[in-house]
Engineer: 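Sharing a structure with you now.
Labels below follow one simple rule: chain letters A, B, ... track the order of the sequence lines, proteins then strands, and each chain is numbered from 1. No hydrogens, no waters, no symmetry mates; every other heavy atom, side chains included, goes into these values.
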Protein chains: 2
Amino acid sequence: MTATIADVAARSGVSTATVSRILSGSAPARPETRDRVIAAARELGYQPSGVARALKRRETRTLGLVVTDVTNPFYPQVVRAAEVAAHERGYGLILANGEDDPARELAHLDLLVERRVDGIVVASSAMTRHHAARLREIAVPVVLVNDPITGSGLPAITADHRLGTRLATSHLVALGHRRIGHIGAPDAHVASSQRRRGVVDGMRGIGTPVMVQGDGGVAGGAAAAAELLRAGVTGIVAYNDLTAIGALRGLGEAGARVPEDVSLIGFDDIPMAAWTDPPLTTVRQDTAALGRWAVERVLRALAGDREADRVLLVPELVIRGSTGPRS
Amino acid sequence: MTATIADVAARSGVSTATVSRILSGSAPARPETRDRVIAAARELGYQPSGVARALKRRETRTLGLVVTDVTNPFYPQVVRAAEVAAHERGYGLILANGEDDPARELAHLDLLVERRVDGIVVASSAMTRHHAARLREIAVPVVLVNDPITGSGLPAITADHRLGTRLATSHLVALGHRRIGHIGAPDAHVASSQRRRGVVDGMRGIGTPVMVQGDGGVAGGAAAAAELLRAGVTGIVAYNDLTAIGALRGLGEAGARVPEDVSLIGFDDIPMAAWTDPPLTTVRQDTAALGRWAVERVLRALAGDREADRVLLVPELVIRGSTGPRS
DNA sequence: TTGAAAGCGCTAACAT
DNA sequence: ATGTTAGCGCTTTCAA
């Protein structure tokens, strides 16, 4: 078995209390004993048990991160930023993957609570939508990422989706486009209604956008783009980059060139967006900031700040090759 | 504070032992007491402390997963499969993101050991390369994913990289290509030498491949492809899909059409590969199997199986639109 | 500066 | 079928 503090104490001829103090530096000690203890600890390869410490201190120094689906290219950046931020402060991160299944997410939540994580970051719309009440009664701090529910009573950070698609639409309008379409996502997606509204905002005084529905992924984007083409649009704002990449294909197969015949804008700025052909004009949201802020907010909550503040991140239009003047 | 087992015991007028037995179903109880205890537990919103249980049982039911970089599109699938497999068996997963930094990974390892995870899955070449010794002395089971080190003495699962690029190369040869190039990755990458060798294997008796170096990512692929074009190749085997996607761009910018002028093959079959233009012919490795097997292997080790077995996954050539007959 | 001892919340003998 | 008790490995009073 692994060495315990008692082993170290025995080996160095002091009490466990002294070992604890010396190893944690929580109290001064005579240099001589210090050295003996440290030597003994090293010789035994002693590593304090986080479990025992957690029981005593009543904190695990571990956070939970609930994510809808790591496989969606939007999330890894959030996860990474969260992990880095947590690790910087000495916290571990338990990852809970929702698989887009609300029941499963609830089970995960129980798992996290039972594991006594010190706080939870939820980056899952399904979660906040179906289990808002449950989230609010959790004993530890919960922070939401990309939460559409304004009245959740929990701290949250979100990109301004509506502003984002408005920016995108205005860009299209500025390029001379007048018939503009939007490929939306199912309502299950966090931001679908906000992003839809932004397109309407952007066309105010100009006309009404043609609304079609995708599936939030590549396949849906391809089908929807063909539909928009038949409707005669010259500009498309897609729900996200995945949808836009699908649209790129759908357009290509229908014989339309981008951007000569149709201009196309995505959302998120996933890494791939810069590498499509043509490179995708898109609305960037700072995913790293999302993850980092959420973790830091949890930590602040742990330090006593129990406010339910919400931060709205300003998205940025990244103009690349998929948009151009109406021909 | 959260309710403890003592609270439940007091409220239902039994001992903590009885509560423990009933809630865990580890021993029969009179239906009447059963009901009282369960009711009390529910009323108090009691959730057993995993920390206390872990201390007593000497198992945390938590696994560690060390990953080089979640942001690399190859990993999320592994992570997801691992998480799902773990969760199915009631295990949680602590994610440790290496950020491609060996020192950082070592720190992560300590964190995991201190947290007393029951086992560790390492999906990081940097890790196995620099810290093989440290890994071997860890008290809990360690399983390697995509490990290049045959002599590590630890169970491991890896795709047969060499076979994969051989398959790819043979496909090119079968299509009539004779001048074939390979865009390799820096040696820091797990599989670079294996994949390089596979290309040589595939050209045995035909010639020698032109070897150039990428960076394992999109940018490097673009530059390297241009180089290969100048060398007059008509077929390219890329280290991975990211590299191939870069090559696609590099080729396009240099005025070469794929597959009419140059055939191109990737590796991994990341989700994006199906959606490039043209869709990428690639070598698929079953990333989900990698993650799932690793977790299951750790669990088996926990059940007593301490063998250092290695499994080699057979990759599969997925023929899409980026390869065609030499024109 | 150091030690003795209690206790964090649970489970598992061992009793009854 | 249920209760008593010890103890998992730490930290932290309280004493000395």
Engineer: In terms of side-chain heavy atoms of A:T18, which of C:dG3, C:dC10, D:dT12 is nearest?
Structural biologist: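 That would be C:dG3.
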Engineer: If only side-chain N and O atoms of B:R53 are considered, is one of them under 4.0 Å from the OP1 or OP2 phosphate oxygen of C:dT11?
Structural biologist: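 Yes, such a contact exists.
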Engineer: Given D:dG3, is OP1 or OP2 found less than 4.0 Å from the side-chain N or O atoms of B:S15?
Structural biologist: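 Yes.
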Engineer: To the nearest Å, give me how far apart CD (B:Q47) and C1' (C:dG9) are.
Structural biologist: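 Atom-to-atom, B:Q47 to C:dG9, this comes out as 14 Å.
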Engineer: Write down the distance between NZ (A:K56) and P (C:dG9), rounded to a whole number of angstrom.
Structural biologist: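 So the NZ-P distance, A:K56 to C:dG9, works out to 10 Å.
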Engineer: Between B:T18 (side chain only) and B:V14 (backbone N and O only), is there a donor and an acceptor less than 3.5 Å apart?
Structural biologist: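 Side chain of B:T18 to backbone of B:V14, a donor-acceptor pair under 3.5 Å: no, none is there.
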Engineer: Under 4.0 Å between a side-chain nitrogen and a carboxylate oxygen: does that hold for A:E99 and B:R80?
Structural biologist: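 Yes, this pair counts.
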Engineer: Could you check how far CZ of A:R21 sits from P of C:dA4, rounded to whole Å?
Structural biologist: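 A:R21 atom CZ is separated from C:dA4 atom P by 11 Å.
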Engineer: Which whole-number value in Å describes the distance from A:R58 CZ to D:dC10 C1'?
Structural biologist: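 Checked: the CZ to C1' distance equals 14 Å.
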Engineer: Is A:D118 reaching over with its side chain to a backbone N or O of A:R61, donor-acceptor style, under 3.5 angstrom?
Structural biologist: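 Indeed, once roles are kept as given, a pair shorter than 3.5 Å links the two residues.
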Engineer: Could you tell me how far apart A:E32 (CD) and C:dT1 (P) are, to the nearest whole angstrom?
Structural biologist: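 It works out to 13 Å between those atoms.
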Engineer: State whether the side chain of B:R306 and the backbone N or O of B:A301 hold a donor-acceptor pair below 3.5 Å, judged by distance alone.
Structural biologist: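 Here the side-chain-to-backbone pair exists.
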Engineer: State whether A:S20 places a side-chain N or O below 4.0 Å from either non-bridging phosphate oxygen (OP1 or OP2) of D:dT11.
Structural biologist: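 So the side chain of A:S20 is within the cut-off, an N or O lying under 4.0 Å from OP1 or OP2 of D:dT11.
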Engineer: Could you tell me which residues satisfy side-chain contact (heavy atoms from CB on, under 4.5 Å) with A:R34, sequence neighbours excluded, listed by chain and number?
Structural biologist: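 So A:R34 forms a side-chain contact (heavy atoms from CB on, under 4.5 Å) with A:I22, A:A29, A:I38.
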Engineer: Give the rounded distance in Å between these two atoms: CD1 of A:I5 and C1' of C:dT2.
Structural biologist: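 One finds 14 Å between C1' of C:dT2 and CD1 of A:I5, rounded.
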Engineer: Atom CG of B:L55 and atom C1' of D:dA6: how far apart are they, to the nearest Å?
Structural biologist: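 Nearest whole value for this atom pair: 13 Å.
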Engineer: Roughly, in whole Å, what's the span from CD1 in A:I22 to P in D:dC10?
Structural biologist: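 Going from A:I22 (CD1) to D:dC10 (P), I get 15 Å.
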Engineer: Touch check for B:S24, heavy atoms < 4.0 angstrom, all strands: base, sugar-phosphate only, or nothing?
Structural biologist: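 It contacts nothing in the nucleic acid.
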Engineer: Specify the residue among B:P28 and A:A17 whose closest nucleotide of DNA chain D lies further upstream toward the 5′ end.
Structural biologist: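 The answer here is B:P28.
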Engineer: Does A:T16 place a side-chain N or O at less than 4.0 Å from the phosphate oxygens OP1/OP2 of D:dC10?
Structural biologist: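 Checking D:dC10 against A:T16, no side-chain N or O comes under 4.0 Å of OP1 or OP2.
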Engineer: Once you apply a heavy-atom cut-off of 4.0 Å, does B:V51 come out as touching a base, just sugar-phosphate, or nothing?
Structural biologist: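 Answer is nothing: B:V51 stays at 4.0 Å or more from every strand.
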